[in-house]
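So you know, we letter chains A, B, ... as the sequences are listed, proteins then strands, and number each from 1. What you see below is based on every heavy atom in this structure, not just the backbone, and it leaves out hydrogens, waters and symmetry mates.
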Amino acid sequence: EAGVTQSPTHLIKTRGQQATLRCSPISGHTSVYWYQQALGLGLQFLLWYDEGEERNRGNFPPRFSGRQFPNYSSELNVNALELEDSALYLCASSSGQGYTEAFFGQGTRLTVV
Amino acid sequence: GQQLNQSPQSMFIQEGEDVSMNCTSSSIFNTWLWYKQDPGEGPVLLIALYKAGELTSNGRLTAQFGITRKDSFLNISASIPSDVGIYFCAGRISGGSNYKLTFGKGTLLTVNP
C-alpha cells in the first residue's frame with residue numbers, strides 16, 4: 001500500500017512568487033494535515049482538511065491557503081513568498097477525524113531566494 | 001496556545017547506552033505521540049499513548065503518559081547506530097476541531113559506534 005506522497009520533493013522560488021505543493025493521502029484516508037518545519041522550530045501546524053472542508057487552521061497569515069479535492073488529495077498554496085517561508089512542508093493523512101494516527105509524507109523542501 | 005517543552009535538545013551517546021527524553025506541556029493533552037524523523041524524511045510514528053499513566057513499549061522503546069496528562073517521556077534501551085535521528089513528542093486534545101497535533105522542537109540523538 002502506498003504511503004503519503006508529496007510533490008515536488010524540492011522547489012525553489014523567488015521572493016514574491018507563488019508556490020503550490022501537492023499531497024496524496026494514503027488510500028482510504030479522508031483527513032489531510034499540513035505542517036511547516038522550519039530549521040530549529042519543530043513542526044508548526046498549518047491546515048487540516050477533512051472531507052473536502054477546512055476544519056482547522058494554524059497561526060499563519062492568509063497567504064497560506066489550500067484545498068482538498070474530491071479524491072482527498074490536497075494542495076497547499078503559498079502566495080507572495082517571503083524568505084522566511086523557506087522550510088520543509090510536511091503533509092500527513094489519517095482516517096478522518098483522528099480515528100487513526102497520522103502518517104507523514106517525505107515532505108517538500110521549499111527554498112525562497 | 002499549547003506549548004510543548006522537549007528536552008534535551010540534543011544528545012550524544014555511545015552505542016549500547018540507554019537514552020531518556022521527555023516533554024512537558026502547559027496544557028493537558030489526552031493523547032501523546034512520539035515520532036522519529038530521519039534526514040530528508042517525514043516523521044514516523046513510534047508510540048502512541050491514550051491514557052494517563054499508560055506505559056507502552058515498542059521493541060527497545062518505552063514511553064509513558066504522565067499522570068498529570070501534562071508530560072510524557074521516551075526511553076530507548078541499548079542504543080544502536082540506526083537510532084540516530086530527531087525524536088519529536090506531540091500532544092493532542094481530541095474532539096471538535098482539535099485533531100491537530102502540537103509538536104515539541106525535537107531531540108537530536110547521535111549514537112557513536
Visitor: By a 4.5 Å heavy-atom criterion (distance strictly below it), what part of B:I86 contacts chain A: side chain, backbone, both, or neither?
Guide: neither
Visitor: Check whether more than 12 heavy atoms from other residues, nucleotides or ligands sit under 6.0 Å from atom NZ of B:K105, and answer yes or no.
Guide: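 Not more than 12 within 6.0 Å, no.
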Visitor: Is any side-chain heavy atom of A:F45 closer than 4.5 Å to a side-chain heavy atom of B:L101?
Guide: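 With C-beta onward as the side chain, the pair stays apart.
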Visitor: If hydrophobic clusters are built by linking Ile, Leu, Val, Met, Phe, Trp and Tyr wherever their side-chain heavy atoms come under 4.5 Å apart, do B:W32 and B:L74 end up in the same one?
Guide: yes
Visitor: Flag yes if more than 12 heavy atoms outside A:R15 fall under 6.0 Å of its CZ atom; otherwise flag no.
Guide: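 No, the 6.0 Å shell around CZ holds no more than 12 heavy atoms from other groups.
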Visitor: May I have the step-by-step check of ring pair (Phe, Tyr, Trp, His ring centres under 6.0 Å) for A:Y35 and B:F103, ending in yes or no?
Guide: CA-CA 10 Å; A:Y35 286 84; B:F103 281 82; 5.3 Å; yes
Visitor: Which residues in residues 104-113 of chain A have any heavy atom lying under 4.5 Å from a heavy atom of chain B?
Guide: A:F104, A:G105, A:Q106
Visitor: Under a single-linkage definition using a 4.5 Å side-chain heavy-atom cutoff for Ile, Leu, Val, Met, Phe, Trp and Tyr, are B:W34 and B:V19 assigned to the same hydrophobic cluster?
Guide: yes
Visitor: Between A:Q37 and chain B, which part of the residue has a heavy atom less than 4.5 Å away: side chain, backbone, both or neither?
Guide: side chain
Visitor: Under 4.5 Å, heavy atom to heavy atom, which residues of residues 35-42 of chain B contact chain A?
Guide: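 Near chain A, by residue number: B:Y35, B:Q37, B:G40, B:E41, B:G42.
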Visitor: Should A:L83 and A:V78 be regarded as members of a common hydrophobic cluster, given that ILVMFWY residues are connected when their side-chain heavy atoms come within less than 4.5 Å of each other, either directly or indirectly?
Guide: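 The answer is yes; both residues are in one hydrophobic cluster.
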Visitor: Look at atom CD1 of A:I12 and say whether more than 12 heavy atoms of other residues, nucleotides or ligands are closer to it than 6.0 Å.
Guide: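 Incorrect, the count does not exceed 12.
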Visitor: Measuring heavy-atom distances to chain B, does A:L43 have an atom under 4.5 Å in its side chain, in its backbone, in both, or in neither?
Guide: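 Backbone plus side chain of A:L43, per the 4.5 Å heavy-atom cut-off to chain B.
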Visitor: Would you say A:W48 ends up clustered with A:F60 if hydrophobic residues are merged whenever their side chains have heavy atoms under 4.5 Å apart, either directly or through other cluster members?
Guide: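 No, A:F60 and A:W48 fall in different hydrophobic clusters.
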Visitor: Got a sec: does the CG of A:L39 have more than 12 other heavy atoms crowding it under 6.0 Å?
Guide: no
Visitor: Find out if a path of hydrophobic residues (ILVMFWY) with successive side-chain heavy-atom gaps under 4.5 Å connects B:F73 to B:F29.
Guide: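 B:F73 and B:F29: separate clusters.
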Visitor: Check whether more than 12 heavy atoms from other residues, nucleotides or ligands sit under 6.0 Å from atom CG of A:N59, and answer yes or no.
Guide: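 No, CG of A:N59 has 12 or fewer neighbouring heavy atoms, counting only those of other groups under 6.0 Å.
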Visitor: Counting neighbours of CD on A:E82 that are heavy atoms of other residues, nucleotides or ligands and sit closer than 6.0 Å, is the number greater than 12?
Guide: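 It does: A:E82 CD has more than 12 such atoms within range.
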